[in-house]
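Single-structure report; data block below.
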2 protein chains.
Amino acid sequence: MAAPKDPRPCSIADTLALVGEKYSLLVLREVCLGNGRFDQLVRNIGAPRDVLATRLRRLVEADILTKRLYSERPQRFEYRPTPAGLELEPVLLTLMAWGDRHIRQDDDRPMVVEHSCHHELIPVVTCAACGEAVSHEDLTARPQSPGWTVTGRTAA
Amino acid sequence: MAAPKDPRPCSIADTLALVGEKYSLLVLREVCLGNGRFDQLVRNIGAPRDVLATRLRRLVEADILTKRLYSERPQRFEYRPTPAGLELEPVLLTLMAWGDRHIRQDDDRPMVVEHSCHHELIPVVTCAACGEAVSHEDLTARPQSPGWTVTGRTAA
DNA sequence: ACCGGTGAGTAGGAAATCCAAACTCACCAT
DNA sequence: ATGGTGAGTTTGGATTTCCTACTCACCGGT
């Protein structure tokens, strides 16, 4: 799992090293929906139990999930998202919206999320500073470390 | 890659089936930065060449990338994002911001993205209808198909 | 006490993937 | 002729994943 060659330093790569393995983001989906028990996860995700156990260990270790005891006598645990885990929910929402748009262009979406404003949630990524929706042409990459060669719109 | 058991229908899972394999999103990162040539990708990502070739084929097939000829006589290709591919850029930005916040709490970010408003881009996911930043407590999941049991805040 | 059921995993070997390095093929430069 | 580059493919071995079955602890009914 270490560097095969010398990939460049990148927070995207580092984040994916934590949550980019198969099923990890689906675990987060379930846990955000409140389905945090092992057998629920197995059923809803369809992952092998051993892989799931491994993912859960890593996600707890990365402080994305916490393991909560919900029954003392037969020790039973439930996984819940930490604040850091909840901050990944926007990633899930954006992925879901993309799939809804590009994979099922018909209206057979398997789930709809409603916002507290009583409209269906259509997530839009905006710039915190100006509030505008972000589009590719408005972005300029500014590498902070050497090794980042960018051929496109790059500031000096 | 088919259903191992009966995972529930989900656009997150379907999208991850396209871009969730190892390196796929890093390929998209490079391509969005303008580094679309094979050897650049190998160097910048650090992936084995055969795996990269497989990923590129799948991403082209999924209409996330296109293969463009940039030199006739020695046939040379370059990969570029399609409109659908560009719509995944917000996912990358959100992952990057998460990593910057939670993995490197210090200020040694490897890259900063600047928005056309001349401020550093801090991506925020908002609701298209009301414009508010999305937070977990404001969301209600509304399953559209059977098989979705949600224990948390679910509308009837 | 016994039987079946549930929840949370572990064990084991087959199947699929991944990895690194070497190789190909087509072209250009010296 | 030799060397170099770009875009991959091949090869063979190391890792992971997958899936079924098993364990262990407990509970509920009879």
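Chain letters run A, B, ... following the sequence lines, proteins first and then strands; every chain starts at 1.
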Side-chain N,O (A:R55) to OP1/OP2 (D:dT17) below 4.0 Å
yes
Grab the two heavy atoms, one from B:S71 and one from B:P74, that are nearest each other, plus how far apart they are.
OG-O, 2.9 Å
Check the pair A:V91, B:W98 against side-chain contact (heavy atoms from CB on, under 4.5 Å), reporting the backbone distance first and the verdict last.
CA-CA 10 Å; A:V91 174; B:W98 191 93; 6.0 Å; no
Any N or O donor-acceptor pair linking the side chain of B:D50 to the base of C:dC18 at under 3.5 Å?
no
Protein within reach of the bases, or only the backbone? For nucleotides 2-7 of chain D, mark each nucleotide 5' to 3' as B, S or -, using heavy atoms under 4.0 Å.
---BBB
Is A:K22 close enough to D:dC18 that one of its side-chain N or O atoms is under 4.0 Å from OP1 or OP2 there?
yes
Please identify which of these residues, B:V31, B:I45, B:N35, meets the side-chain contact (heavy atoms from CB on, under 4.5 Å) condition with B:Q40.
B:N35
To the nearest Å, give me how far apart CG (B:L41) and C1' (D:dG8) are.
12 Å
Kindly say whether B:F38 contributes a backbone atom to a donor-acceptor pair with the side chain of B:R49 at under 3.5 angstrom?
no
Closest approach of B:D63 and B:T82, non-hydrogen atoms and distance?
O-OG1, 2.7 Å
Starting at CD of B:E21 and ending at P of D:dT16, how long is that distance when rounded to a whole Å?
17 Å
For B:T126 and A:V124, indicate whether the former's side chain and the latter's backbone hold a donor-acceptor pair under 3.5 Å.
yes
Gap between atoms CG and C1', on A:L69 and C:dG9 respectively (whole Å):
15 Å
Between P of C:dG9 and CD1 of A:I45, the distance in whole Å:
14 Å
